[in-house]
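Data block below; observations after.
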Amino acid sequence: MLKSNFTKKHLLKLLMENPDELISSKELALQTRISRQAIWKAVESLRSEGINIEAIPQKGYRLCSGKVESFSPSLISANIPEVCPWGVDITLLNTVGSTQAYAKDFARKDCPDGTVFISTMQETGRGRRDRKWFSPPGGLYMSIVTRPRIAPSSLQLISLASALALRQALLETTSLSFDLKWPNDLLWKEKKLAGILSEASMEPDRIHFAVIGMGINVNIPESSMPSHLLSRSVSLQMILGREVDLTLLASQIIYSLFTEISLLESDDHEQLVRKYASCCTTLDREVEIHSDEGIEKGLAIDISSRGELVVKFPDMLKTYAAADVIHAPLCY
Ligand code: BTN
């Protein structure tokens, strides 16, 4: 297990701002306000994350040039823009049952807003409605703990905000625009690239925490995709024909999610819902709704101000807060 922290983030940022340049430990100690001894310890810890830092006695430290290949929590943290307070505390696991279960344990123990848990694979990854989530190496599996200051009645909007954030992060890192399927699947030509599981603990008047779990098929080649998933799933590697930098993608997701949740807290729900609706391919489509009430077929026409799906039936309109949606094939 590897962990980032504030000191390592700060130190790495300083080294990244001056690549190939020697910075004395006195200067680093001054800037980070910690002792030279603590700088040495932090450098050792960064090296154990695979970050190549050279130490020259009496002269100082420098980040060795060249692309840093390592998938390291401190590197993810250092790549998050300064305005974002999230992602200081990132835990990277080689494997785990489910990052979601792991994160919820820490959320119950009061870990701070914006604490992140990532794994390079999962043994028992979980999707919505208790389905399994295929989690082989090469994917990105992350759960982010947030303590949003919004009314429990707006909970569903967290799901929508998360989908928008993931879409934006993917656009920034790959230049690809994904469609959103209500409530929060990301699709490429109707095939699923990523899914989001948002779970919350709350009282009638307050949300204690929400854990937003994202599973993204990133560097998974077609040959590793099980045949039963191939007809409905896709990975970034399959679309782009190359691998994608997991570090940059993870940093961008954390930053985008912080931005969207902040917007939600600022009460601008209308803007969020309109932005979501403009990327939501479920709207104006014939859909099959699988909910606790059974299976129904109708026309998805809108997203309500609470983030519910509004569906038109011959004799009435219905809104759904939670359901599975199947899109009817598009006819051109
Ligand atoms: C879905 O579309 O059904 C949601 C899938 C969510 C999967 C992610 S992977 C990270 C986190 N850990 C889990 O066990 N599930 C979520």
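Whatever order the structure lists them in is the order used to number ligands and atoms, beginning at 1. Position 1 is the first residue of the sequence, and the numbers go up from there.
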For I196, atoms of ligand 1 separated by under 4.0 Å from a heavy atom: 2 (O), 4 (C)
Can E199 and Q100 be counted as having a side-chain donor-acceptor contact under 3.5 angstrom? yes
Is there a side-chain contact between I220 and P136 in this structure, where contact means two heavy atoms from C-beta onward sitting under 4.5 Å apart? yes
Using heavy atoms and a threshold below 4.0 Å, how should the contact between N184 and ligand 1 be classified: side chain, backbone, both, or neither? neither
So L155 and I207, do their side chains get closer than 4.5 Å, heavy atoms only? yes
Does R131 have a non-hydrogen atom less than 4.0 Å from ligand 1? no
Atom indices of ligand 1, in the order listed, that fall short of 4.0 Å to a heavy atom of G127: 1 (C), 3 (O), 4 (C), 5 (C)
Can you confirm whether the side chains of H290 and E288 place a donor and an acceptor under 3.5 Å from each other? yes
Under a plain distance cut-off of 3.5 Å, with no hydrogens placed, do S305 and E270 share a side-chain donor-acceptor pair? no
Just wondering, do W182 and V325 contact through their side chains at under 4.5 Å, heavy atoms? yes
Ligand 1 atoms in contact with D185 (distance to a heavy atom under 4.0 Å): 2 (O)
Could you tell me whether some N/O pair between T124 and ligand 1 is separated by less than 3.5 angstrom? no
Checking a contact table here: which protein heavy atom is nearest atom 5 (C) of ligand 1, and how many Å away? W133 CE3, 3.4 Å
What protein heavy atom lies closest to atom 12 (N) of ligand 1? Include the residue and the distance to one decimal. Q122 OE1, 2.9 Å
Considering only non-hydrogen protein atoms, determine which one is nearest to atom 2 (O) of ligand 1 and report residue, atom name and distance to 0.1 Å. K192 NZ, 2.6 Å
If hydrogens are left out, which of R126, K181, Q100 has an atom nearest to atom 14 (O) of ligand 1, that is, the closest non-hydrogen atom? R126
Here the atoms of ligand 1 under 4.0 Å from any heavy atom belonging to M142 are 10 (C)
What is the closest protein heavy atom to atom 1 (C) of ligand 1, and at what distance does it sit? R128 N, 3.5 Å
Go through the steps for K41 and E44 under the test salt bridge (Lys or Arg N to Asp or Glu O under 4.0 Å), then give the verdict. CA-CA 5 Å; K41 261 185 73 182; E44 282 298 288; over 6 Å; no
Find all atoms of ligand 1 within a distance of less than 4.0 Å from any non-hydrogen atom belonging to G125, and give their numbers and elements. 14 (O)
Give the atom numbers and elements of ligand 1 that come within less than 4.0 Å of a heavy atom of S143. 11 (C)
Side-chain touch I118/T91, heavy atoms, less than 4.5 angstrom: no
Answer yes or no for K109 and F106: cation-pi contact, defined as NZ/CZ to six-membered ring centre under 6.0 Å and angle to ring axis within 45°. yes
Just to confirm my output: which protein heavy-atom neighbour is closest to atom 10 (C) of ligand 1, and how far is it? T99 OG1, 3.2 Å
Can E54 and R62 be said to form a salt bridge (Lys or Arg N to Asp or Glu O under 4.0 Å), step by step? CA-CA 5 Å; E54 192 181 5; R62 78 173 144 214; 2.9 Å; yes
